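Naming: A, B, ... by sequence-line order, numbering from 1 per chain. As the structure is a prediction and not an experimental result, all values here were calculated from the model.
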Protein chains: 2
Amino acid sequence: MSTPKRTTVYDVAREAGVAASTVSRAFSNPRRVNATTRQHVLEVAERLGYRPNPLASALQSGHTATLAMLVPDIANPHFFGTIRGAERRASAAGITFILGFTEESADTERNQIERLARSVDGFVLASSRMPEATTVDLASEHNLALVNREIDGLPSAVIDNASGSHQIVDHLASLGHRSLVYLSGPHHSWLAGQRWRALHAGAAQRGMGARRLGPFPPQVAGGGAAADAALVSGASAIVAHNDLLAIGILRRLAERGVDVPGEISVVGYDDIFGADFCAPALTTLAGPQEEAGRAAVEILLTKGSPTGVQDSPRRVVLPSHLVIRDSTGPAPG
Amino acid sequence: MSTPKRTTVYDVAREAGVAASTVSRAFSNPRRVNATTRQHVLEVAERLGYRPNPLASALQSGHTATLAMLVPDIANPHFFGTIRGAERRASAAGITFILGFTEESADTERNQIERLARSVDGFVLASSRMPEATTVDLASEHNLALVNREIDGLPSAVIDNASGSHQIVDHLASLGHRSLVYLSGPHHSWLAGQRWRALHAGAAQRGMGARRLGPFPPQVAGGGAAADAALVSGASAIVAHNDLLAIGILRRLAERGVDVPGEISVVGYDDIFGADFCAPALTTLAGPQEEAGRAAVEILLTKGSPTGVQDSPRRVVLPSHLVIRDSTGPAPG
DNA sequence: CTGAAAGCGCTAACAA
DNA sequence: TTGTTAGCGCTTTCAG
């Protein structure tokens with residue numbers, strides 16, 4: 001509030017008997033300054049309570065030491081781990097972390113990027129909703145790293161949903177299920193496409209039937225309609241687009257007096273907070289979310305580094321594993 | 001990545017045949033410019049793809065149009081609503097929103113504040129862990145608004161825990177409970193103090209016994225020890241510091257074969273995501289979290305406004321209400 | 001290794 | 001209402 005004139009490089013310089021540029025170097029380019037001089041400058045700075053102004057620094061240098069992460073919705077616990085991983089990594093590197101929400105809208109996402117463009121060095125886009133072309137376009141002007149989305153030519157960190165989906169199919173097959181129904185997430189969701197393709201292929205290999213229904217809103221509230229649709233389909237196993245939806249389905253099935261897993265099995269994706277204490281506890285595909293967030297930041301950090309060369313974009317694929325709980329069991333009959 | 005020379009106010013000014021300051025005004029001070037001129041400037045700016053650089057603007061004006069919210073832990077769903085409310089309000093005002101985590105540490109919190117000080121116009125401190133003195137100190141140099149914490153002389157938005165705690169006591173009393181045990185959160189938590197005081201007073205009024213045990217880590221994992229301690233205490237009702245802890249307690253009780261609410265009732269605070277689908281569904285104190293976040297940002301926004309005068313700090317108290325679910329029932333015997 | 005000087009892009013007096 | 005003139009606080013050539 002009060003603005004008792006901030007101490008600047010000049011104040012420190014005068015007091016230390018050096019030039020402002022030396023003070024600057026002492027902070028941002030330690031090697032370019034004599035160790036003794038630097039020590040002295042730092043002491044004076046400390047004494048005067050000097051604090052570099054990141055804005056002034058960024059204005060001149062072009063580097064903001066800040067990065068932004070854009071997430072569709074904060075209320076989805078699925079993003080917890082990723083956010084935390086990203087924040088931790090950024091923090092560790094002394095990078096300021098901006099979190100933005102896109103409200104599940106590609107337009108909002110795009111606007112956020114344009115808006116923040118000058119204030120950050122790069123963006124982590126989690127489960128981006130933007131069309132591929134738009135994203136590629138933006139990537140030419142901005143530093144982007146994707147999480148749980150892959151686009152040719154762009155760096156990304158994803159959790160292996162293909163292999164994970166196969167694990168799900170194998171699990172269900174081993175329990176004697178002959179058919180499954182995938183209750184899909186948003187139509188334009190890259191993840192939904194991935195999951196369905198793998199599920200479909202895996203089921204074919206195992207001689208199982210597989211159908212896709214939906215899209216359903218990937219939230220607990222979407223579970224009602226999804227469950228009802230699944231029941232009509234006659235499949236003995238439901239694979240829900242994510243845990244939120246799966247939990248909603250579990251609820252609806254309980255309301256309707258359908259026994260899980262006695263009459264029907266339910267599987268989710270993400271292993272979110274709550275998946276282990278809903279009733280019945282949910283069988284779901286888990287992955288190192290935190291690691292994914294960390295990796296994305298890492299990518300941004302190294303991209304901006306001295307190499308300068310834009311080698312082929314890094315793509316990190318993290319292993320997933322199926323956590324078997326109480327919502328899956330032997331096929332009935 | 002590529003830096004094809006950004007268009008600046010000067011480019012626009014030249015092209016529009018006006019001075020740079022006019023361009024500046026057209027954007028940031030529309031009234032101080034002729035409507036026609038402004039229109040023209042905006043058109044030219046649009047055509048050239050001009051985008052104001054917020055850093056340069058902030059450096060000169062001292063206003064960053066950015067604010068930061070500091071939260072102890074992103075993994076606690078309790079903060080969802082508050083974060084979302086704050087972000088939405090900021091977004092609506094065209095303010096950039098920075099989210100930081102303090103890892104439940106007062107030191108980290110303080111460091112974050114110092115670190116971001118120059119880059120933001122104010123801070124929303126959610127469930128701040130800092131000692132009162134430190135906070136008051138910081139408030140003299142920074143623009144602070146507290147959420148779920150009250151300190152004399154500082155603006156805040158809190159959910160009414162006192163009245164809420166009384167609601168809990170009344171509910172339990174009406175079910176015939178003669179004693180309750182409060183399983184407390186962190187010792188230095190302001191909320192924990194509030195809750196216990198109100199619980200204690202309410203119980204006394206109703207002629208109920210009340211004991212406090214703990215502190216316990218306010219997480220699901222803390223529930224094991226908490227539940228065991230509660231059982232030993234012999235109380236027929238448990239009030240947990242928050243829902244995370246309550247859910248952990250529910251789990252432990254289930255493991256030990258203790259019937260809830262048949263043998264013992266359990267109440268939580270916050271009505272977090274999951275409180276409605278754990279087993280049994282949790283009776284808990286709910287409040288308008290989102291509103292709290294919104295209010296805190298609102299405070300920051302108006303504080304920085306033209307009034308200039310620092311009237312008595314605003315304190316917003318939001319109503320809470322008890323959501324009765326299946327974890328509470330008549331006292332046994 | 002260090003200093004001097006010139007801005008980064010914008011806004012804020014002060015004139016006109 | 002608009003233009004002119006200085007910077008905001010820092011980094012960065014370029015000399016020395």
Whole-Å gap separating C1' (C:dG9) and CZ (B:Arg6) = 13 Å
Counting only heavy atoms not in A:Arg47, do more than 12 fall under 6.0 Å of its CZ?
-> yes
If the plane angle is over 60° it's perpendicular, under 30° parallel, otherwise tilted; pick one for A:Phe97 and B:Phe101.
-> tilted
Under 4.0 Å from any atom of DNA chain D, heavy atoms only: list the residues of residues 11-24 of chain A that qualify, in numerical order.
-> A:Ser21, A:Ser24
Under a 4.5 Å cut-off applied to non-hydrogen side-chain atoms, are A:Ile74 and B:Phe80 in contact?
-> yes
B:Leu59 atom CG is separated from D:dA6 atom C1', nearest whole Å, by 13 Å
On DNA chain D, check which nucleotide each of A:Phe27 and B:Tyr10 is closest to and give me the residue with the more 5' one.
-> B:Tyr10
With the side chain defined as heavy atoms from C-beta on, A:Thr37 is closest, among D:dG9, C:dC1, D:dT1, to C:dC1
In whole angstrom, what separates B:Leu55's CG from C:dT11's P?
-> 12 Å
Side chain of A:Arg25: nearest nucleotide among D:dT1, D:dT13, C:dC10?
-> D:dT13
Looking at B:Ser28, does any N or O in its side chain come under 4.0 Å of the phosphate oxygens OP1/OP2 on C:dT11?
-> yes
Provide, to the nearest angstrom, the distance between the CZ atom belonging to B:Arg31 and the P atom belonging to C:dA12.
-> 15 Å
Applying the side chain to side chain contact (heavy atoms under 4.5 Å, CB included) test to A:Gln289, which of A:Leu318, A:Asn148, A:Ile83 qualifies?
-> A:Asn148
Would you indicate which nucleotide in C:dT2, D:dC10, C:dT11 comes nearest to any side-chain atom of A:Gln60?
-> D:dC10
To the side chain of B:Tyr50, which of D:dT1, C:dG9, C:dC10 is closest?
-> C:dC10
What is the nucleic acid contact for A:Pro54, judged by heavy atoms within less than 4.0 Å: base, sugar-phosphate only, or nothing?
-> nothing
Is A:Glu87 paired with A:Arg84 through a side-chain N to carboxylate O contact shorter than 4.0 Å?
-> no
Separation of A:Asn53 atom CG from D:dT11 atom C1', in whole Å?
-> 13 Å
Starting at CG of A:Asn29 and ending at P of D:dT13, how long is that distance when rounded to a whole Å?
-> 11 Å
Within this structure, what is the CZ-to-P distance between B:Arg32 and C:dC14, rounded to whole angstrom?
-> 13 Å
Would you indicate whether the side-chain heavy atoms of A:Val297 and A:Leu301 approach each other to under 4.5 Å?
-> yes
Is a salt bridge present between B:Arg314 and B:Glu298, judged by a nitrogen-to-oxygen distance below 4.0 Å?
-> no
